[in-house]
S.K.: 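Below: one structure in structure tokens.
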Amino acid sequence: MNRSDNKTATGGSTMRFTNSELEMIYQYAAPTKAETIGGMKETVPVIKDLLTRVIMENAIEKLQKIPEPECSQFIADNKARFLAGHENSIRRRLAEAKAQTKQPIMQGHDLTGMERFLPETRHMIVLDVKTSDSPVGFPGERHRYFLSDEGYKNARASEGRGEIKIKSHAAVAAGRLYPDRKPERER
């Protein structure tokens, strides 16, 4: 059955289902025809919306006309189509979100991580990895690190070698951040 034509063959004839009926069948799908119809029938008395009740009753009536094992296969196929469509929808939305994101995902230390509050922490930097020679990651990645004075000195040396580019810096004292001010021409 192709979801676009919403029908299934039943012993020589064709049964048509609306998209709403197919969605109801998906929501109550069970391994067998009897279990699926049983679950749907249990729900009918508590449905307050008249249109929803009619859709449910029509779906039940149509399912009852389909013989086993064809009905169970139809229910399983319908469920698989809905799940595949849902999975594709999630993948599509993730791909769109990734495409809209101009900045790489932040890696390294969490902004509220314990590294920020260590007594020796004096600097927070955000950096972009430029070369595969970088000691902190792969080209194109962005990292945040809370560093001691020695760690910051090493990061500046790595930037000098062209391995990373420090995008921002903030002084850290007792966990509080004091971002560097940009010169007027960079604002």
Side-chain angles (χ1 to χ4, degrees), residues 1-117 124 126-130 132 134 136-146 165 167-168 177:
M1 183 193 114
N2 182 345
R3 193 158 163 220
S4 62
D5 59 16
N6 302 331
K7 57 188 171 184
T8 184
T10 57
S13 65
T14 301
M15 182 77 58
R16 293 190 180 275
F17 288 85
T18 66
N19 284 332
S20 297
E21 291 166 346
L22 291 172
E23 190 172 340
M24 287 291 182
I25 294 168
Y26 159 68
Q27 291 176 9
Y28 289 88
T32 67
K33 171 183 176 178
E35 291 173 302
T36 302
I37 292 174
M40 293 170 78
K41 282 183 174 181
E42 286 177 11
T43 308
V44 171
V46 296
I47 298 174
K48 298 201 184 317
D49 180 59
L50 180 61
L51 179 60
T52 304
R53 185 180 308 144
V54 169
I55 292 169
M56 181 73 85
E57 289 170 345
N58 286 342
I60 292 169
E61 185 180 323
K62 290 176 183 178
L63 285 176
Q64 288 174 330
K65 293 179 182 177
I66 304 173
E68 279 288 31
E70 185 181 342
C71 187
S72 291
Q73 186 61 51
F74 169 73
I75 292 167
D77 291 347
N78 183 59
K79 182 178 180 179
R81 271 188 299 282
F82 270 90
L83 290 175
H86 181 67
E87 182 179 312
N88 288 339
S89 173
I90 290 171
R91 287 184 182 171
R92 180 186 46 78
R93 285 184 281 164
L94 283 172
E96 288 172 359
K98 209 180 255 187
Q100 289 176 356
T101 304
K102 301 291 185 203
Q103 297 180 347
I105 296 172
M106 186 71 69
Q107 298 185 41
H109 295 154
D110 188 71
L111 195 54
T112 58
M114 66 176 199
E115 299 86 0
R116 176 176 176 170
F117 302 97
M124 181 203 72
V126 174
L127 60 90
D128 286 340
V129 178
K130 296 296 181 187
S132 57
S134 171
V136 295
F138 297 98
E141 293 180 341
R142 180 163 288 173
H143 293 254
R144 174 190 303 114
Y145 291 109
F146 291 96
K165 170 68 176 151
K167 302 298 282 181
S168 65
L177 301 177

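For the single chain, residues carry numbers from 1 onward in sequence order.
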S.K.: As an exercise, state the distance from CG of L22 to CZ of F74, rounded to the nearest 0.5 Å.
M.R.: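 Rounded to the nearest 0.5 Å, the CG-CZ separation comes out at 5.0 Å.
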S.K.: Tell me, please, which residues at least two apart from A30 pass side chain to side chain contact (heavy atoms under 4.5 Å, CB included).
M.R.: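 So A30 forms a side chain to side chain contact (heavy atoms under 4.5 Å, CB included) with E35, T36.
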S.K.: As an exercise, state the distance from CD of E57 to NZ of K41, rounded to the nearest 0.5 Å.
M.R.: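 Those atoms lie 11.0 Å apart.
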S.K.: Applying side chain to side chain donor-acceptor pair (under 3.5 Å), can you list everything that pairs with K62, at least two apart in sequence or on another chain?
M.R.: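 Testing K62 for side chain to side chain donor-acceptor pair (under 3.5 Å), a comparison that skips the adjacent residues, returns E21.
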S.K.: In chain order, what residues pass the side chain to side chain donor-acceptor pair (under 3.5 Å) check against N58, with sequence neighbours excluded?
M.R.: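 Checked N58 against side chain to side chain donor-acceptor pair (under 3.5 Å); zero matches.
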S.K.: Distance check, rounded to the nearest 0.5 Å: E115 atom CD versus R144 atom CZ?
M.R.: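 So the gap between those two atoms works out to 10.5 Å.
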S.K.: Do L111 and F146 make a side-chain contact, defined as non-hydrogen atoms from C-beta onward lying under 4.5 Å apart?
M.R.: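 In contact.
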S.K.: Could you give the distance from CD (E23) to OG1 (T18), rounded to the nearest 0.5 Å?
M.R.: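 E23 CD to T18 OG1: 9.5 Å, rounded to 0.5 Å.
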S.K.: Please enumerate all residues that pass salt bridge (charged side-chain N to carboxylate O under 4.0 Å, His left out) together with K165, with sequence neighbours excluded.
M.R.: E159
S.K.: Give me the atom names and distance for the closest heavy-atom approach of R53 to V44.
M.R.: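 Nearest heavy atoms, R53 then V44: NE-O, 3.7 Å.
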S.K.: Please report the interatomic distance CD(E61) to CE(M15), rounded to the nearest 0.5 Å.
M.R.: 8.5 Å
S.K.: Could you work out, with side chain to side chain contact (heavy atoms under 4.5 Å, CB included) as the rule, every residue matching L51, not counting sequence neighbours?
M.R.: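 Only D49, I55 meet the side chain to side chain contact (heavy atoms under 4.5 Å, CB included) criterion with L51.
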S.K.: Going by side chain to side chain donor-acceptor pair (under 3.5 Å), name the residues that satisfy it together with T43, two or more places apart in sequence or in a different chain.
M.R.: Y28
S.K.: For Y145, enumerate each residue passing the ring-ring contact (aromatic ring centres under 6.0 Å, His included) test, keeping only those at least two apart in sequence or located in another chain.
M.R.: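 Testing Y145 for ring-ring contact (aromatic ring centres under 6.0 Å, His included), a comparison that skips the adjacent residues, returns H109, H143.
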S.K.: Could you tell me the separation between the CD1 atom of I66 and the CD1 atom of I75, rounded to the nearest 0.5 Å?
M.R.: 7.5 Å
S.K.: Sequence neighbours excluded, which residues qualify as side chain to side chain contact (heavy atoms under 4.5 Å, CB included) partners of E68?
M.R.: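 With neighbours one apart ignored, the set is T32, K33, C71, S72.
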S.K.: Under the rule for side chain to side chain donor-acceptor pair (under 3.5 Å), what residues qualify as partners of S132, not counting sequence neighbours?
M.R.: none
S.K.: Answer whether the closest heavy-atom distance between the side chains of M24 and T52 falls below 4.5 Å.
M.R.: yes
S.K.: Can you check whether N78 reaches F17 side chain to side chain, under 4.5 Å on heavy atoms?
M.R.: no
